[in-house]
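These notes concern the structure reproduced below.
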Amino acid sequence: MSFQYATCVAVSIIGLMLCVQAQDTWSTLEQAKLQSIPAVAISKNSRFAAYGTSGVDGNASDLTPGAGTTTIMDVSDILIVPKKSMGGSAKQVFEGFQPLSFAPNSKKLALMKGSALYLTSLQQDGQTWGSPVLLSTQTETVLHAAWHPNSSTLALSVAGAPPPVNKLVHEVTDEIIINVITGTPTAAHNRLCLVDVDTKSRVCPKVEGSVGFGGWYISCWPQDSQFEFSPDGKHIAYSYTASTLSNNWTQAGVALLNLDTYESTVISYNTSFQPYFSTSGSLLAFTTLDDGGYRWAQTWHVCVYTMGTGRVSCAGNTTRDQMATLVGWGSDTELLYMEQDRMAVKLYAMEVPPAGIPGRWEEVALTLPAGSRQAGGGVVGGGFRATSRVGVASAGDATAIVFSYETSTTSQQAYIARIQDHTGTATRISAINPTAHVFVTPSFVQWASNDGRMIEGILMLPRGFTRGTSPAPPAVVFTHCGPAMAVLSTFQGYGSVCARFPLETLVEQGFAVLQPNYRGSTGYGKDFRDADRDDWGGNDYNDVLTGAQYLIKNGFADATRIAHVGWSYGGYMGALVLGKALTTHGIDLKAVVTGGTLSDVISHTGTTDISAIIDSWADGYHWTSPAKRQMMMDNSGIYHIENATAPTLMFHGIDDPRMPISQSFQLHYALRSRHIPVKFLTFPGSGHIPADPNQIKLVWDETLAWLANWV
């Protein structure tokens, strides 16, 4: 059941107050067909910018991934005199491609089409770009590419073939065989190759380990800044994975390849990545993981390697969230990075003097066009460490950047800005997702958890509802995945983080929706992110349930109509609230929706692809001590199933290696045995989160129907 509150508006001409029903509800098909900006690039001379679009084609019963486009624009006039939007004197669109990077001479642009690498070149008229030409081979999978300073050579990372499968018998070792997101076989080794763009001749030198993250990854770590040439063309700095064994997931480093000798020097071997050379090439910045033990919390330090001396200096605890994502150098002494600030993602500049010691940082104040602003800030770069959505070019005494940006109520778009003295005025250069739909304005709320710690979240209320209105609406508490992720001020039209649940649609159907950033979430500093160590399912669970109590106490929700929705860690929380919410917080849930579920921390050990994470957060395993085993049982939903009453909808990818489908089978069997209404949908060919647009839309539609029926 869903219902709408009347929306009252004043009509000043006749002095009347009119009450009308809310506009048409945002549909899951509209959500599915929204476009995004997956990649941007800017030329070194700051004349050209490129942005890609991606989306889904088809109808409600047959959706297919769209081919995407790349738009190249002359933006030189925008950077001289910022315009309100849609500046640029020339545009050119290439169907089916995504931009990668411009050559240093600003006359070539590398493009991706699927896993193939193409090249387009600026024509003699100095304005037109030629038809893209295939540069990679027909059979190889290109993961990343970077230009040599001569603009004639590209370095490529190329995925190797997946390991062979013995159909008779297979000895279990510890190797990764499935990509966590897609559920498909991974590469055994990623090679680095240097390709002459004119002759297509290539050399593939031997390097440390597997270039990049070895074909498997922690889904929220930076993946797209894998290597870069030094400005003098004598070295390549690259990130690499020493081993693709599943529990060696922290064994990543940064190395320097000498292009005269093809010998590598390891710079850092402490889960390090994101190498970027300064504009002169005298310094090399990278990030490295804190070695404090709780590596899943992802505390990163900014480090700088001084060429010639080999000295490494790290910034320690200097950035706001200690989770900087590097995007490039604005000058030889200024390093640019993105970082989360509560629910916003902002751009920052860090001073790095010639001595190579990272120092003071400051937010880059970007003035966005009217209609693209939000209190507290929006999201630069798409959130969650996607460096492909920010491009940087030095422009004399200033820096030119192209970037994606979005707010809770405005779609992701591409912008360009000229930054000087840490300030800049941005101009929008894209115009995707035109819609007259008015999205619900969210509120940012706080409440005290059981132990008094203040927790923050996003609250979305039905259109026309005001506090004190009777009856109060039903409510959904959505728990994000992670735990070291967060609810951000990303565009609500895209859906939630993880599985993109249609929260805007739920609100427009009459539900209140609360999205807590429980302890362990990013954006609130290292101490907050570390606060769930040895306590998964403990106080973070309290943070979520006290959020539900906050809704009820303040008249935002009907106490008899509360539901919980979540995927991955949110699915873990869903299994836990299912059996504990009533006994611990007096919340009688009317429905639970859970995907990629973890129901039993004990049986998760040894069955997930990264079992060592359990030791990382719990400082041990269930066999370490009786107390450790009891904690894991107390904080696992399957051991509280005798108290469960809420009808439960479950989703799981059949090939999920992160949360094996056996976790959902356990929960499903227990609920059926207790005669609790349950529906369990599995997705063939899917890993941790369905990538097929038809599967993910089915998740949304089934969720809406389940909540409408039971809440």
Side-chain angles (χ1 to χ4, degrees), residues 1-9 17 19-26 408-409 438-450 454-480 487 492 496 501-518 541-566 570 573-574 577-578 580-593 645-649 703-711:
M1 174 183 177
S2 65
F3 58 96
Q4 298 285 351
Y5 293 90
T7 300
C8 297
V9 295
M17 182 70 74
C19 293
V20 298
Q21 285 301 108
Q23 63 181 345
D24 291 340
T25 300
W26 183 247
S408 299
T409 56
V438 178
F439 292 87
V440 172
T441 301
S443 300
F444 303 97
V445 295
Q446 293 184 334
W447 62 92
S449 190
N450 284 34
M454 295 306 296
I455 304 300
E456 189 173 51
I458 292 179
L459 175 61
M460 301 164 65
L461 294 172
R463 207 184 306 275
F465 171 79
T466 57
R467 183 175 175 180
T469 300
S470 182
V476 169
V477 178
F478 171 82
T479 301
H480 69 73
V487 173
Q492 290 164 188
S496 70
F501 283 102
L503 304 186
E504 176 74 24
T505 305
L506 278 170
V507 174
E508 294 181 11
Q509 288 183 350
F511 287 85
V513 174
L514 179 67
Q515 304 173 69
N517 274 337
Y518 51 84
Y541 161 86
N542 291 330
D543 299 343
V544 173
L545 268 296
T546 53
Q549 291 177 326
Y550 165 84
L551 294 182
I552 296 167
K553 179 180 178 180
N554 288 276
F556 294 126
D558 182 340
T560 67
R561 303 177 68 193
I562 307 292
H564 182 275
V565 175
M573 197 63 66
V577 300
L578 185 60
K580 293 184 66 176
L582 183 59
T583 56
T584 61
H585 291 79
I587 305 295
D588 186 9
L589 292 169
K590 288 298 176 285
V592 168
V593 178
T645 59
T648 303
L649 174 63
T703 297
L704 293 172
W706 193 263
L707 295 175
N709 184 54
W710 293 105
V711 184

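Numbers for residues simply follow the sequence, beginning at 1. Only this structure's heavy atoms are used, side chains among them; waters, hydrogens and symmetry mates stay out.
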Non-hydrogen side-chain atoms of [X] and [Y] separated by less than 4.5 Å:
X      : Y      : result
Trp706 : Pro647 : yes
Leu459 : Gln515 : no
Glu456 : Val487 : no
Leu545 : Ile587 : yes
His585 : Lys580 : no

I'd like to know if the side chain of [X] reaches the main chain of [Y], judged simply by a donor and an acceptor atom lying under 3.5 Å from each other, with no hydrogens or angles considered.
X      : Y      : value
Thr505 : Trp26  : yes
Asp558 : Thr560 : yes
Asn709 : Ala705 : no

Kindly determine whether Leu707 and Val565 satisfy side chain to side chain contact (heavy atoms under 4.5 Å, CB included), including the steps that lead there. CA-CA 10 Å; Leu707 295 175; Val565 175; 4.1 Å; yes
If you look at every heavy atom in [X] and [Y], which pair is closest and at what distance?
X      : Y      : result
Pro462 : Gly510 : CG-O, 3.4 Å
Tyr550 : Asn554 : O-ND2, 2.9 Å
His564 : Thr479 : NE2-OG1, 2.7 Å

I'd like a table of donor-acceptor pairs (distance under 3.5 Å, sequence neighbours excluded) in which one partner is a side-chain atom from residues 439-448, with atom names and distances.
unit_1, atom_1, unit_2, atom_2, d
Trp447, NE1, Asp543, O, 3.1
Trp447, NE1, Thr546, OG1, 3.2

Tell me every residue that passes side-chain hydrogen bond (donor to acceptor under 3.5 Å, both in side chains) with Ser408, counting only those two or more places apart in sequence or in another chain.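 Testing Ser408 for side-chain hydrogen bond (donor to acceptor under 3.5 Å, both in side chains), a comparison that skips the adjacent residues, returns Gln374.
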Will you find, in the side chains of Tyr518 and Ser449, an N or O donor that is under 3.5 Å from an N or O acceptor? no
Which residues pass the side-chain contact (heavy atoms from CB on, under 4.5 Å) test with [X], not counting sequence neighbours?
X      : value
Ala475 : Ala512, Leu551, Ala557, Ile562
Ser496 : Phe478, Phe501, Leu503
Ala646 : Leu578, Leu589, Val592

First locate atom [atom1] of [X], then atom [atom2] of [Y], and finally report the distance between them rounded to the nearest 0.5 Å.
X      : Y      : atom1 : atom2 : answer
Asn517 : Ile455 : CG    : CD1   : 9.0 Å
Phe511 : Leu461 : CZ    : CG    : 13.5 Å
Met460 : Leu514 : CE    : CG    : 11.0 Å

Going through the checks in order, is the side chain to side chain contact (heavy atoms under 4.5 Å, CB included) test met by Thr645 and Leu582? CA-CA 10 Å; Thr645 59; Leu582 183 59; 5.7 Å; no
Which residue pairs pass the salt bridge (charged side-chain N to carboxylate O under 4.0 Å, His left out) test when at least one of the two sits in residues 581-591, sequence neighbours left out?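 For residues 581-591, and leaving out neighbouring residues, the salt bridge (charged side-chain N to carboxylate O under 4.0 Å, His left out) pairs sorted by first residue read Asp588-Lys590.
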